[in-house]
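Given the structure is predicted, the values throughout are model-derived calculations rather than measurements.
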Amino acid sequence: MAESKIVKRAVYQPGASSIEGLPTALQMFHNHPPVMLMPHWHVQVEVNYIMQGSVHYRINGERISMNAGDMCLFWGGQPHQMDDCSEDSIYSGGHLPLVYFFRMRLPITISSRLMKGEILFTSATDAADLENFPRWVRYAKSGDPAKAQHAVDEMLLRIERIALEPYSMLPTVGPTDADDIEQCYPQSSRSVARMCDFIAANFLQEIDSVDIARAADLHPKYAMNLFKKTTGMTLNKYVNLLRLSRAQAMLMNEEANVLQVAMDSGFGSISAFNKSFRHVAGMSPSDFRRDVRMVAQYAP
């Protein structure tokens with residue numbers, strides 16, 4: 001999403017270069033929030049900081065209103081939609097692939113609940129955030145690798161700091177199963193990050209749990225259990241989500257052929273693609289493509 005100062009109502013239009021089409025990329029943004037005419041999903045954890053005005057979200061069945069100074073963090077693998085915002089609204093933030101997310105030192109009580117669909121909400125922001133978030137975006141887009149890396153490092157540290165100040169989790173679903181996760185959580189997180197690294201580089205190929213476990217120097221059964229306990233997802237589901245995110249972006253293309261999209265997204269058959277896509281989107285790829293074309297007619 002490009003940096004912008006427009007105050008008129010903008011509409012989000014996903015594409016091959018957006019977060020859906022680049023599921024393994026860390027992207028930052030600072031702009032007037034474009035409303036979404038339909039829900040979308042992606043395989044990054046999303047952090048949104050409202051700098052000015054107000055926005056309204058629909059996430060995981062929750063309706064959430066946020067005002068200037070509020071920040072939220074949520075797992076983008078669940079369909080979500082920013083369906084309204086004030087004309088003067090400005091927000092900033094980033095989309096973090098899991099390989100970055102699991103390298104952070106967040107308490108398991110936060111990371112595990114985020115991966116299960118809860119939303120972290122905080123108003124503990126300050127003037128430094130107003131300066132830092134736009135600067136991180138400038139650094140990330142500067143073309144200077146040192147500046148870009150510095151922006152990433154600073155943003156990750158800022159997200160880690162969320163746990164040190166007041167925050168809430170929405171909806172509250174009771175006690176977490178954090179005790180089920182090994183006590184050596186930092187080491188476990190590093191193993192999950194290594195698995196995510198391998199999946200990010202190879203998700204369009206034919207890979208299985210044995211390949212993924214080998215890349216992290218783990219036994220396949222242990223790797224599958226660790227990934228499921230840490231993320232709430234099976235390895236297969238995460239691989240499919242990466243493929244589906246890419247497919248979602250490809251279906252935005254007016255000339256998209258569903259069979260070709262399935263093959264180019266790493267699915268071995270159209271039936272497997274249809275089943276996986278319907279499970280996430282609640283509709284077939286063909287119906288999704290049709291709805292996207294209808295929505296595009298209302299875009300400015």
Side-chain angles (χ1 to χ4, degrees), residues 1 3 19 26-33 42 44-78 80-86 88-98 100-140 150-176 178 185-186 189 230-232:
M1 285 184 270
E3 197 165 341
I19 54 173
L26 189 155
Q27 297 190 41
M28 300 182 189
F29 55 87
H30 169 58
N31 59 318
H32 173 67
H42 50 80
Q44 299 97 337
V45 172
E46 183 168 345
V47 55
N48 287 352
Y49 169 49
I50 313 305
M51 303 180 66
Q52 179 180 308
S54 61
V55 300
H56 184 271
Y57 300 83
R58 296 186 184 196
I59 307 175
N60 197 23
E62 292 288 307
R63 295 174 180 268
I64 301 175
S65 296
M66 296 178 62
N67 300 306
D70 294 338
M71 188 185 300
C72 71
L73 192 65
F74 62 90
W75 163 232
Q78 55 197 333
H80 57 279
Q81 178 182 13
M82 178 184 285
D83 60 356
D84 199 13
C85 65
S86 63
D88 65 339
S89 58
I90 298 292
Y91 78 158
S92 195
H95 299 91
L96 315 177
L98 292 192
Y100 290 92
F101 181 66
F102 283 108
R103 283 176 176 155
M104 289 193 292
R105 295 162 294 184
L106 285 174
I108 187 61
T109 49
I110 290 180
S111 58
S112 66
R113 293 171 71 174
L114 285 172
M115 295 308 302
K116 292 173 183 175
E118 293 189 57
I119 304 122
L120 185 152
F121 176 88
T122 181
S123 296
T125 59
D126 52 38
D129 292 317
L130 286 171
E131 294 185 8
N132 287 334
F133 274 91
R135 177 172 55 80
W136 295 334
V137 174
R138 291 197 305 272
Y139 275 26
H150 200 274
V152 170
D153 292 343
E154 282 198 3
M155 175 178 275
L156 296 181
L157 284 170
R158 174 62 185 93
I159 296 172
E160 287 182 3
R161 182 158 62 85
I162 287 176
L164 306 178
E165 298 172 335
Y167 67 88
S168 57
M169 302 295 294
L170 306 171
T172 301
V173 296
T176 69
Y185 178 65
S189 292
T230 306
T231 68

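Residues Tyr139 and Val152 fail the side-chain proximity criterion, which asks for heavy atoms closer than 4.5 Å. Contact of the Tyr57 side chain with the Ile119 side chain is not registered, since no non-hydrogen atoms from C-beta on lie closer than 4.5 Å. The closest side-chain heavy-atom distance from Arg158 to Asn132 is not below 4.5 Å. Side-chain atoms of Leu96 and Ile159, non-hydrogen and from C-beta on, do get closer than 4.5 Å to each other. Contact annotation: the side chain of Ile64 never approaches that of Cys72 to less than 4.5 Å [non-hydrogen atoms, C-beta and beyond]. Within the 4.5 Å cutoff, no side-chain heavy atoms of Tyr167 are placed close to those of Leu73. Side-chain contact between Trp75 and Ile59 is absent, with no heavy-atom pair separated by less than 4.5 Å. With contacts defined as side-chain heavy-atom distances shorter than 4.5 Å, the pair Leu114/Met169 qualifies.
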Applying side chain to side chain contact (heavy atoms under 4.5 Å, CB included), run through Phe101 and Leu26 and close with a yes or a no. CA-CA 10 Å; Phe101 181 66; Leu26 189 155; over 6 Å; no
Determine, stepwise, if the pair Glu154 / His150 fulfils side chain to side chain contact (heavy atoms under 4.5 Å, CB included). CA-CA 6 Å; Glu154 282 198 3; His150 200 274; 2.7 Å; yes
Assess whether salt bridge (charged side-chain N to carboxylate O under 4.0 Å, His left out) is satisfied between Glu165 and Arg161, documenting all intermediate values. CA-CA 7 Å; Glu165 298 172 335; Arg161 182 158 62 85; 3.1 Å; yes
May I have the step-by-step check of side chain to side chain contact (heavy atoms under 4.5 Å, CB included) for Cys85 and His32, ending in yes or no? CA-CA 9 Å; Cys85 65; His32 173 67; 4.0 Å; yes
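Between the side chain of Ser54 and the backbone N or O of Met66, no donor-acceptor pair lies under 3.5 Å. Side-chain atoms of Thr122 do not come within 3.5 Å of backbone N or O of Met71 as any donor-acceptor pair. The main-chain N or O of Arg105 is found under 3.5 Å from a side-chain atom of Glu160 such that the two form a donor-acceptor pair. The backbone N or O of Gln78 sits less than 3.5 Å from a side-chain atom of His80, completing a donor-acceptor pair. Asp70 places a side-chain N or O within donor-acceptor distance of the main-chain N or O of Asn67, the cut-off being under 3.5 Å.
Within the model, atoms CD of Gln44 and CZ of Phe74 stand 10.5 Å from one another, a figure rounded to the nearest 0.5 Å. For the atom pair Tyr49 OH and Ser92 OG, the distance stands at 9.0 Å (nearest 0.5 Å). Arg138 CZ to Met28 CE: the interatomic distance, rounded to the nearest 0.5 Å, is 12.5 Å. For the atom pair OG1 (Thr125) and CD1 (Ile50), the distance works out to 10.0 Å, reported to the nearest 0.5 Å. Of the inter-residue distances, the one linking Met104 atom CE with Leu156 atom CG reads 5.5 Å to the nearest 0.5 angstrom.
Aromatic pair Phe133/Tyr91: ring centres not closer than 6.0 Å.
Among all heavy-atom pairs drawn from Asp129 and Pro134, the shortest one is O-CD, 4.0 Å. Taking each heavy atom of Ser89 and Val55 in turn, the nearest pair found is CB-CG1, 4.4 Å. When all heavy atoms of Leu130 and Met51 are compared, the closest pair comes out as O-CE, 3.4 Å. Between Thr231 and Met115, the shortest heavy-atom distance links the atoms O-CB, 3.0 Å. Considering all non-hydrogen atoms of both residues, Gly94 and Met155 come closest at N-CE, 4.1 Å. The minimum heavy-atom distance linking Ala68 with Gln52 is given by the pair CB-CA, 3.9 Å.
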